[in-house]
Amino acid sequence: MTVAARMPDEAAHRVDVRIQAHDFDSAAEIAALTAGRADIGAVVTFTGLCRDEGGRLAALELEHYPGMAERAIRAIATEAVARFSLQGILAIHRHGKIAPGGNIVLVVAAAPHRQAAFDGAAFLMDYLKTDAPFWKKEHLKDGGTGEWVSAKDADDAAKARWTSAQ
Amino acid sequence: MTVAARMPDEAAHRVDVRIQAHDFDSAAEIAALTAGRADIGAVVTFTGLCRDEGGRLAALELEHYPGMAERAIRAIATEAVARFSLQGILAIHRHGKIAPGGNIVLVVAAAPHRQAAFDGAAFLMDYLKTDAPFWKKEHLKDGGTGEWVSAKDADDAAKARWTSAQ
Amino acid sequence: MSVRLVYFAWVRERIGKGSEEIDLPPEVKTVGELIAHLATLGEEYEAALQVPGVIRAALDEEHADHDEPIGGAREIALFPPMTGG
Amino acid sequence: MSVRLVYFAWVRERIGKGSEEIDLPPEVKTVGELIAHLATLGEEYEAALQVPGVIRAALDEEHADHDEPIGGAREIALFPPMTGG
């Protein structure tokens, strides 16, 4: 098989994962995922933002395990593509200090129909929450350094629904 | 209660519905919904696009019932806000002729946490599919006018899950 | 009583117009009875309304079942199942 | 056998470093045994690893349960439950 012959198929099931400190542009990412294609019927995006927790937080600081972070998210994204027959998926996760209102994570899932796109994005987020090596530490408005954010049982439960539904 | 005192509460549960022929800019809409706020943790967007159906279609033409279209979608959006405690919801539905790859519909749901944002956007799309007065007609690449798109049983089933799950 | 009827999609195409004013006969009380009445008005109406079960209706821009009384509605819409989104 | 240990979040803070090379004692065969061994190395390790059940591990960047054999892993990571997204 020539490279040229492989191209369309690879493009049709694109998995794009990026771990970065800088911000992302949701619109540009959606456009890049759908550009030049007329077979995509549904695009679902999830954007996770930093909340100020009622005015208490000055920032969240996201620590990560560089090599593993990309590897873990890529594995989840690749499974999402196979499981929901996605036409493309993108995940961008930021690290470093992020102020309230700032972007933390972006997921974009494309599919011919809406259910697959919704499921693909939700599946990736549920697994990312519990399996991607990132940790959040609170920086408080009063100048102090707060606690490390605790993992939530609700996140484990959200992930579990994808195995019980099988 | 003064108008000034009512404003923050109204802004905190924004319902924005637009029926229009011209295209929309997803990024600008997300930005408008989240601007100046630090209490939103999750934004889910759904974009519905025109597929070319394997190269068969030149365009879809969307007919609508003007007054009722906005009224019906606003009712669904308002229920979504109440049901999932959304911080804001936006729905834009285009009408007229739309070429493959073009945008048809945009839904944006904002909430403190991701499950509510996912559910709010999916709920609005499921009801919009079956209850909003829009009809799609196919225009074929070979120059002919094709069929009116048929309603799908799958869409009725998708809507039904929101009542059976109660 | 005179009401405004509005038609959409293939109901509109088959009837051949998007709207019209008609006088409701006194025996027409419900949406279903209106559809049955219209189907007697000519070939084009018959073609549009031949399978009444698939016809959806709205009274003054609100969805209405076939057994719903027309009451004082000013605008009655008839159309196929919706396919938006 | 010498392996590279990497620590994250409060595990890193309590131990007081982000990484180190250690020689694995021959009796340490699993992730759980490694955690138990490290906890004997001083107060800071004890503070970091006092509740072994909450510590997550990765062998060469792949998630690993506590009963998993370390095998030939070159890099072993220990960290709290993840809170990304």
Side-chain angles (χ1 to χ4, degrees), chain A residues 17 19 46-51 60-77 91-96 98 103-107 121-138 145-156 158-159, chain D residues 2-22 30-32 34-35 38-39 44-85:
Chain A
V17 173
I19 314 296
F46 174 86
T47 310
L49 302 121
C50 177
R51 291 185 309 273
L60 280 177
E61 184 164 7
L62 278 107
E63 180 170 335
H64 76 302
Y65 183 2
M68 184 177 174
E70 187 182 334
R71 176 197 286 247
I73 296 179
R74 185 172 296 280
I76 302 163
I92 302 178
H93 203 306
R94 294 179 66 197
H95 57 82
I98 296 174
N103 292 318
I104 297 173
V105 63
L106 173 69
V107 165
F123 175 90
L124 178 49
M125 278 307 304
D126 285 346
Y127 274 81
L128 187 155
K129 279 266 174 187
T130 57
D131 287 15
F134 287 85
W135 301 271
K136 293 193 186 103
K137 185 174 198 165
E138 299 183 338
T145 300
E147 299 292 308
W148 289 92
V149 174
S150 296
K152 282 184 274 180
D153 291 344
D155 288 331
D156 289 323
K159 185 176 81 163
Chain D
S2 164
V3 295
R4 177 178 160 82
L5 299 180
V6 293
Y7 309 123
F8 294 99
W10 53 253
V11 172
R12 172 182 55 72
E13 285 184 341
R14 291 181 193 173
I15 291 178
K17 52 187 132 181
S19 67
E20 61 185 321
E21 294 276 334
I22 70 156
T30 67
V31 169
L34 171 64
I35 293 170
L38 290 171
E44 61 275 34
Y45 291 93
E46 206 184 323
L49 307 172
Q50 60 190 331
V51 186
V54 307
I55 302 297
R56 307 297 169 93
L59 299 177
D60 289 336
E61 302 184 351
E62 297 277 1
H63 289 292
D65 290 334
H66 285 203
D67 59 3
E68 202 156 316
I70 289 167
R74 281 296 306 125
E75 182 170 289
I76 305 175
L78 299 178
F79 44 78
M82 290 147 282
T83 55

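Letters A, B, ... mirror the listed sequences (proteins, then strands); counts begin at 1. Only a predicted model underlies this, so the values are computations on that prediction, with no experimental measurement involved.
- Comparing A:Glu63, A:Arg94, A:Met125, A:Glu61 by heavy-atom pairs within less than 4.5 Å of chain D, the highest count is held by A:Glu63.
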Sequence neighbours excluded and cut-off under 3.5 Å, please list the side-chain donor-acceptor pairs for residues 47-58 of chain D, or say none.
{"from": "D:Gln50", "atom 1": "NE2", "to": "D:Ala47", "atom 2": "O", "distance (Å)": "3.3"}

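- Closest non-hydrogen pair, A:Leu128 versus A:His93, comes out as CD2-CD2, 3.6 Å.
- For a residue to count as touching a neighbouring chain, one of its non-hydrogen atoms must lie under 4.5 Å from one of that chain's; by this rule A:Asp131 touches chain D with backbone and side chain alike.
- Chain D forms the most heavy-atom pairs under 4.5 Å with one residue out of A:Val107, A:Val149, A:Leu62, and that residue is A:Val149.
- Only the side chain of D:Glu13 comes within less than 4.5 Å of a heavy atom of chain A; its backbone N, CA, C and O stay farther away.
- Heavy-atom pairs under 4.5 Å with chain D peak, among A:Gly48, A:Ala91, A:Ala132, at A:Ala132.
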May I have the list of side-chain donor-acceptor pairs in residues 75-85 of chain D shorter than 3.5 Å, sequence neighbours left out?
{"from": "D:Glu75", "atom 1": "OE1", "to": "D:Arg4", "atom 2": "NE", "distance (Å)": "3.1"}
{"from": "D:Glu75", "atom 1": "OE2", "to": "A:Tyr65", "atom 2": "OH", "distance (Å)": "2.4"}
{"from": "D:Thr83", "atom 1": "OG1", "to": "A:Lys136", "atom 2": "N", "distance (Å)": "3.0"}

**OP:** Go through the steps to decide whether D:Leu5 and D:Leu34 satisfy the test side-chain contact (heavy atoms from CB on, under 4.5 Å), and finish with yes or no.
**Re:** CA-CA 10 Å; D:Leu5 299 180; D:Leu34 171 64; 3.9 Å; yes

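- For A:Lys137, the part lying under 4.5 angstrom from a heavy atom of chain D is the side chain only.
- If you take NE2 on A:His64 and CD1 on A:Ile73, they are separated by 9.5 Å, rounding to the nearest 0.5 Å.
- For the pair D:Arg74 (side chain) and D:Ser2 (backbone), a donor-acceptor distance under 3.5 Å is present.
- Neither the backbone nor the side chain of A:His95 has a heavy atom closer than 4.5 Å to any heavy atom of chain D.
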